[in-house]
Amino acid sequence: MNERRGRMKDDTSEGRFRTDSGIEVDAVYNPGNGDLPDAAEAGEIGVAGHAEDLGQPGQFPFTRGIHPNMYRGRLWTMRQYAGFGTAEDTNERYHYLLTQGTTGLSVAFDLPTQMGYDSDHAIAKGEVGRVGVAIDTVDDMRTLFRGIALDQVSTSMTINSTAAILVAMYLSVGDEQGVRKDALAGTVQNDVLKEYIARGTYIFPVEPSLRLATDLMTFCATEVPRWNSISVSGYHIREAGSTAPQEVAFTLANGLAYVERVLAAGIGLEDFAPRLSFFFAAHNDLLEEVAKFRAARRLWARLMKERFDASDRSCRLRFHTQTGGSTLTAQQPLNNVVRVTVQALAAALGGTQSLHTNGFDEALTLPTEEAAKLAVRTQQILAHESGITNTVDPLAGSYYVEALTNKIEARARAYLAEIDGLGGAAKAIGFMQNEIHYSAYRHQMQIEAKERLVVGVNVHEEEEEPVSMASPDFSALEAGQKVRLEDFKKGRDSADTSQALEGVRAAARSTDNLMPPIIAAVRASATLGEISDLLREEWGSHDP
């Protein structure tokens, strides 16, 4: 199938227009001509009739948004993903972002932290602080949020395999500030399944990883009620090369797997399902992306009702959006300002609950202060000047958007049926990987053949002066982080630390929830790497 994004040069034939995901686009969409399904068609593809599809904002199946007033009542949370170098460096950026109008903080962790290695581990050499902030100890976490009252901000942490340890550190810092656990608000990604499928920062075999993720979810359901203990991530699935329908299907398949695990752990559906959150990418095909968000919200509501008889409150899909990092180009980087604006517009028109906009320079370097400020201003201009927040779901009733919404839901349903046939998301990892790999390969071949046009890359190219970007001295940064870690270890009571670590070992060998002993270990000054290494000893490491 020759799937095209838009029209090729000199190609004006009918039927040659397609969305980014390869969905064929008709010249004109009208009611009653097959674009919107009648009842018979709806039964075949698993999509209800048009009126049932739409509903009302704030009502099942939430196609038009999860709140009756949406942004007329409250704007989306404006987040900026930040984290680089040391905790001290990142703390400085957080204070800057808060003065510029961000309403939530998002933490990017460096690769060793994501993989469960302290900064002084041999395997961490050359990676400390490069793609996020290095957090080895509770003292690093304390520095990261120095001068920031944790009961006054919402914090999102993009961390998965070591999520339980980082949340334990955050809870400890909150406790030091005198903030009760039930007053802390935020989100931790904690989505290990997508690491095996699309991203690769896994540590342990699949089943122990799922156990750890579930323990964190069940702990937060009772102890940290305002905390979203998982953000089921389609973002990394899309960034790995999936299509929009694949992003929806694979994300929701993972979400269903987590629901089943927490139910099996004895937590009532209504005690945790309302705190589930999701995380999607926003790419360049504006109307397909809007339709994708609407389809995901509707499909999740229907799945929760069909499979678990959930209340309407537990059927609401709440999601964060980040603009597409993989769509940014190193060539003509200022063009990325336009790409990010289009993507942010799609997220807002699709009804996102929070949004991060990428810096235009992120294909070249960690975002500069100038780029981060412009990214925040992009959201603010959309919110306050574009008029899109004046009414709820402004694209509802567009024949094209409704048809795309139906088609994406139908394609996602078909994928979910295949995943169910394989035994669910945990058993279908290889299937989802292969589907993503094929889509990514096809996408790249289209760019190289100029069937998919990317401005500044394969069309409207021009000679450019090399862009010079200042980078931190990562060698000095790594050396300084190692010194801080060494000093931290010297200042602790080693006997207390060892005893607390043995508590984690005992829990790992039992069926006890791991969160209380991990919190105790963090408070006894155990490092992230020490806790992770202990669990590696007990569970082993994943061998792909």
Side-chain angles (χ1 to χ4, degrees), residues 1-5 18-25 45-47 189 191-200 231-258 278-300 302-303 317 319-327 343 346-347 350 403-447 452:
M1 183 184 293
N2 186 15
E3 297 185 340
R4 302 175 186 269
R5 172 179 173 253
R18 297 181 183 274
T19 69
D20 261 359
S21 298
I23 296 172
E24 191 168 315
V25 178
I45 65 174
V47 177
Q189 195 161 100
D191 178 5
V192 292
L193 278 172
K194 68 93 177 47
E195 296 299 324
Y196 302 101
I197 294 165
R199 190 161 176 266
S231 177
V232 190
S233 176
Y235 181 85
H236 300 99
I237 289 170
R238 189 65 180 280
E239 290 289 281
S242 81
T243 65
Q246 288 170 344
E247 181 187 2
V248 171
F250 300 165
T251 306
L252 299 193
N254 289 346
L256 293 171
Y258 294 122
F278 292 79
F279 175 25
F280 292 109
H283 279 205
N284 288 329
D285 192 329
L286 175 69
L287 297 180
E288 181 177 55
E289 293 299 288
V290 172
K292 177 191 76 179
F293 296 130
R294 300 170 86 249
R297 194 162 44 233
R298 184 167 74 201
L299 180 54
W300 179 251
R302 288 172 168 164
L303 290 168
L317 184 145
F319 68 98
H320 169 71
T321 308
Q322 181 173 339
T323 55
S326 65
T327 69
Q343 294 163 8
L404 269 184
T405 303
N406 289 342
K407 288 177 180 177
I408 291 172
E409 183 181 4
R411 290 192 178 197
R413 281 261 192 190
Y415 272 118
L416 283 165
E418 289 193 71
I419 292 167
D420 286 342
L422 293 169
K427 299 289 180 62
I429 288 170
F431 165 74
M432 290 187 272
Q433 285 177 332
N434 287 338
E435 290 295 306
I436 294 168
H437 293 166
Y438 177 74
S439 296
Y441 176 79
R442 183 176 58 205
H443 177 100
Q444 187 59 36
M445 290 301 99
Q446 290 171 344
I447 291 174
R452 184 184 295 265

| Are Arg302 and Glu409 side-chain neighbours, meaning at least one heavy-atom pair lies under 4.5 Å? | yes
| task | Kindly give the heavy-atom pair with the smallest separation between Ser21 and Ala244, and that separation in Å. | result | OG-N, 2.8 Å
| query | Counting distance only, does the side-chain N/O of Arg199 pair as donor-acceptor with the main-chain N or O of Ala240 below 3.5 Å? | reply | no
| query | Roughly how far apart are Ile436 CD1 and Phe431 CZ, rounded to 0.5 Å? | reply | 10.0 Å
| field | Heavy-atom check, side chain of Asn284 versus side chain of Gln343, under 4.5 Å | value | yes
| task | Would you give the length of the straight line joining atom NE2 of His236 to atom CG of Asp191, rounded to the nearest 0.5 angstrom? | result | 9.0 Å
| message | Testing the basics here: between Ser242 and Ser439, what is the closest heavy-atom pair and its distance to 0.1 Å? | response | CA-CB, 4.3 Å
| Flag, side chain of Thr327 to backbone of His283, donor-acceptor distance under 3.5 Å | no
| To the nearest 0.5 Å, how far apart are CD1 in Ile419 and CE in Met432? | 4.5 Å
| remark: With sequence neighbours left out, the residues meeting ring pair (Phe, Tyr, Trp, His ring centres under 6.0 Å) with His320 are Phe279
| message | For a quick test of reading the model, state the closest non-hydrogen atom pair linking Tyr235 to Glu247 and the distance between them. | response | N-OE2, 4.2 Å
| said: Using the side chain to side chain donor-acceptor pair (under 3.5 Å) criterion, which residues pair with Glu435? Sequence neighbours excluded. | reply: Tyr415
| Rounded to the nearest 0.5 Å, what separation is found between the CZ atom of Arg298 and the CD1 atom of Ile408? | 10.0 Å
| note | One should read off an interatomic distance between Phe250 CZ and Ser233 OG, to the nearest 0.5 angstrom, of 14.0 Å
| field | Pair Thr19-Glu289, side chain to side chain contact (heavy atoms under 4.5 Å, CB included): steps then yes or no | value | CA-CA 10 Å; Thr19 69; Glu289 293 299 288; over 6 Å; no
| With distance as the sole test, does Asn254 use its side chain to make a donor-acceptor pair with the main-chain N or O of Leu193 at under 3.5 Å? | no
| Minimum-distance pair of heavy atoms, taken over all atoms of Ala425 and Ala253 | CB-O, 3.6 Å
| Just checking, is any N or O donor in the side chain of Ser326 or Glu239 under 3.5 Å from an acceptor N or O on the other one? | yes
| query | Which heavy-atom pair separates Ala412 from Ala249 by the least distance, and what is that distance? | reply | O-CB, 3.6 Å
| task | Taking the side chain as every heavy atom from C-beta outward, state whether Thr243 and Arg411 have any atom pair closer than 4.5 Å. | result | no
| field | Distance, nearest 0.5 Å, that separates CZ of Phe280 from CZ of Arg297 | value | 9.5 Å
| Which residues pass the side chain to side chain donor-acceptor pair (under 3.5 Å) test with Thr405, sequence neighbours left out? | Arg294
| query | So which pairs with a foot in residues 416-433 pass side-chain hydrogen bond (donor to acceptor under 3.5 Å, both in side chains), sequence neighbours left out? | reply | Arg307-Asp420
| query | Partners of Tyr258 by ring pair (Phe, Tyr, Trp, His ring centres under 6.0 Å), sequence neighbours excluded? | reply | none
| Residues in ring pair (Phe, Tyr, Trp, His ring centres under 6.0 Å) with Tyr196, at least two apart? | Tyr202, His542
| request: Compare all side-chain heavy atoms of Val232 with those of Lys194 and state whether any distance is below 4.5 angstrom. | output: no
| message | Using side-chain heavy atoms (C-beta onward) and a distance below 4.5 Å, is Val248 in contact with Phe293? | response | no
| For Leu252 against Leu416, the heavy-atom pair lying closest together | C-CD2, 4.5 Å
